[in-house]
Chemist: 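Mind looking over this structure? Questions follow.
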Amino acid sequence: RRDGFSRYLKSLAPYAGERPGAALVMNANPFTLGHETLVARAAKENERVVLFVLSEDRSLVPYSDRMAMVKAACAKYGNVSVVSSGSYMISSATFPSYFLKDADVVTRTHAELDATLFTRIAAALNLTRRYVGEEPFSHTTSLYNEALAAVLPSGRELVVIPRAQAQGEAISASHVRQLIHDGHIEAIRPLVPETPSLSDRRCGAGCPPADSAAADVIPSLSFLSETC
C-alpha cells in the first residue's frame with residue numbers, strides 16, 4: 001500500500017516523546033541474556049527506550065513466542081516499551097538478505113535501505129540513540145551495523161555494546177538454537193533469563209506437549225510441540 005509506511009508511523013505515535021529516547025531492534029530468536037544486557041544498558045542510560053521485536057515469522061521461535069519472551073523479560077523496566085517492528089524493519093521487504101545468504105554487495109544495499117527507513121522511524125519518535133551488540137558471529141548483522149553507522153544522520157548515535165559472556169564465551173542466540181537442535185536443554189539455562197512460563201500448546205491429538213524441562217528453561221519452547 002502506498003501509504004503503508006505513513007500508517008505505520010502513525011501507529012507508533014504513542015511511543016514518541018518530547019525528550020530524546022533510545023531504540024533497540026532485535027529478533028530475539030530466542031531472547032538471551034545477551035539481549036537482556038542490551039536492554040538493561042539502554043534502560044539505565046535513557047529516560048525511555050522503544051524495543052522493536054522483528055515481526056517477520058521466518059525464525060525458529062515464532063513471532064508470538066518471541067514477543068511474549070521479550071515482554072516478560074522487560075516487564076521489570078518501567079521505561080521500556082516493547083512493540084512490533086511491522087514490515088519496515090529487517091523484513092523480507094526491506095532486508096531480505098537478513099534471511100538469505102546473499103553476496104555482500106546485495107546485503108549492503110538491503111542493509112542501507114533498512115537503516116535509512118529506521119532513521120525516519122527514529123526521527124518520528126525522537127529516538128536519538130540506537131543500541132546494538134558487537135557482532136563477531138553473523139557477517140550479515142555486522143554489515144547491517146556498518147550500514148547503520150554510515151547512514152545515521154548527525155544527532156543520532158550508534159551505541160555498540162560488547163557481547164555479554166557466560167562461562168568465558170560470548171552469548172549468541174545462534175548458539176542457543178544449536179543447543180536446542182542438539183537437545184542440550186540444560187546447557188541453555190546459563191544463557192537465557194528466567195521468565196514466566198507461557199501456556200502449554202499442543203499440536204493435536206496424540207502429540208505430547210513440549211518437554212517440561214525445556215519449557216522451564218525457555219518458555220517459548222512450547223512451540224516445539226508443533227513440529228511433532
Side-chain angles (χ1 to χ4, degrees), residues 5 8-29 31-56 59 66-67 70-71 73-74 77-91 93-99 107-164 170-173:
F5 187 64
Y8 176 65
L9 288 181
K10 288 181 179 179
S11 75
L12 296 176
Y15 305 104
E18 292 185 5
R19 297 184 64 81
L24 289 163
V25 180
M26 59 181 63
N27 198 18
N29 179 37
F31 189 83
T32 68
L33 288 175
H35 294 114
E36 186 167 54
T37 297
L38 276 175
V39 177
R41 174 76 174 266
K44 180 180 179 180
E45 296 180 349
N46 300 274
E47 285 191 17
R48 60 188 184 90
V49 177
V50 182
L51 193 168
F52 297 92
V53 179
L54 301 191
S55 59
E56 190 87 5
S59 300
R66 288 186 284 112
M67 177 63 85
V70 175
K71 285 186 173 180
C74 295
Y77 301 107
N79 62 338
V80 177
S81 299
V82 180
V83 301
S84 170
S85 69
S87 301
Y88 299 99
M89 288 189 212
I90 311 184
S91 69
T94 65
F95 194 3
S97 298
Y98 183 82
F99 304 97
T107 299
R108 286 184 186 278
T109 300
H110 291 162
E112 288 170 3
L113 167 62
D114 191 276
T116 299
L117 283 175
F118 169 76
T119 64
R120 295 180 60 185
I121 294 169
L125 301 186
N126 194 18
L127 304 175
T128 58
R129 286 177 174 171
R130 169 77 179 266
Y131 283 72
V132 300
E134 284 182 336
E135 189 45 76
F137 303 111
S138 170
H139 182 58
T140 298
T141 304
S142 179
L143 290 176
Y144 178 72
N145 288 350
E146 291 177 11
L148 265 179
V151 305
L152 283 179
S154 176
R156 300 280 187 269
E157 178 186 3
L158 182 65
V159 183
V160 183
I161 305 300
R163 282 269 179 162
I171 298 174
S172 162

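Throughout, numbering of the chain's residues begins at 1 and tracks the sequence.
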Chemist: Locate the shortest heavy-atom distance separating Tyr8 from Ser84; write the atom from each residue and the value.
Modeler: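 That would be OH-O, 3.3 Å.
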Chemist: So which atom in Asn79 and which in Ala43 form the shortest heavy-atom distance, rounded to 0.1 Å?
Modeler: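 Distance-wise, the nearest heavy atoms are ND2-O, 2.9 Å.
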Chemist: Please lay out, stage by stage, how Phe118 and Leu152 fare under the test side chain to side chain contact (heavy atoms under 4.5 Å, CB included).
Modeler: CA-CA 9 Å; Phe118 169 76; Leu152 283 179; 4.2 Å; yes
Chemist: Are any of the side-chain heavy atoms of Leu127 and Val50 separated by less than 4.5 Å?
Modeler: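 A side-chain contact exists here, since the closest heavy-atom pair is under 4.5 Å.
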Chemist: May I ask you to test the Arg163-Ser172 pair for a side-chain heavy-atom distance under 4.5 Å?
Modeler: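 The answer is yes, as the side chains (C-beta and beyond) meet within the 4.5 Å cut-off.
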Chemist: Compute whether any side-chain donor of one residue and acceptor of the other, for Asn29 and Arg66, lie under 3.5 angstrom apart.
Modeler: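 No - no donor-acceptor pair under 3.5 Å links their side chains.
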Chemist: Hey, are the side chains of Tyr15 and Val83 touching, using non-hydrogen atoms and a 4.5 Å cut-off?
Modeler: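 Side-chain contact under 4.5 Å: yes.
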Chemist: Do Leu24 and His35 have side chains that get closer than 4.5 Å, going by heavy atoms?
Modeler: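 No, every pair of side-chain atoms sits at 4.5 Å or beyond.
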Chemist: Is the shortest side-chain heavy-atom distance between Thr119 and Arg156 below 4.5 Å?
Modeler: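 Counting from C-beta outward, Thr119 and Arg156 never come under 4.5 Å.
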Chemist: Test side chain to side chain contact (heavy atoms under 4.5 Å, CB included) on Phe52 and Ile121; report intermediate values, then the result.
Modeler: CA-CA 11 Å; Phe52 297 92; Ile121 294 169; 4.1 Å; yes
Chemist: Below 4.5 Å, heavy atoms only, C-beta onward: do Val132 and Leu158 meet side chain to side chain?
Modeler: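 Yes; the side chains approach each other to less than 4.5 Å.
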Chemist: With Leu38 as reference, evaluate Ile161, Leu51, Val49 under the side-chain contact (heavy atoms from CB on, under 4.5 Å) test and give the passing residue.
Modeler: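 Only one of Ile161, Leu51, Val49 forms a side-chain contact (heavy atoms from CB on, under 4.5 Å) with Leu38, namely Ile161.
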Chemist: Run the numbers on Arg48 and Asn126 for side chain to side chain contact (heavy atoms under 4.5 Å, CB included), then give the verdict.
Modeler: CA-CA 10 Å; Arg48 60 188 184 90; Asn126 194 18; 3.5 Å; yes
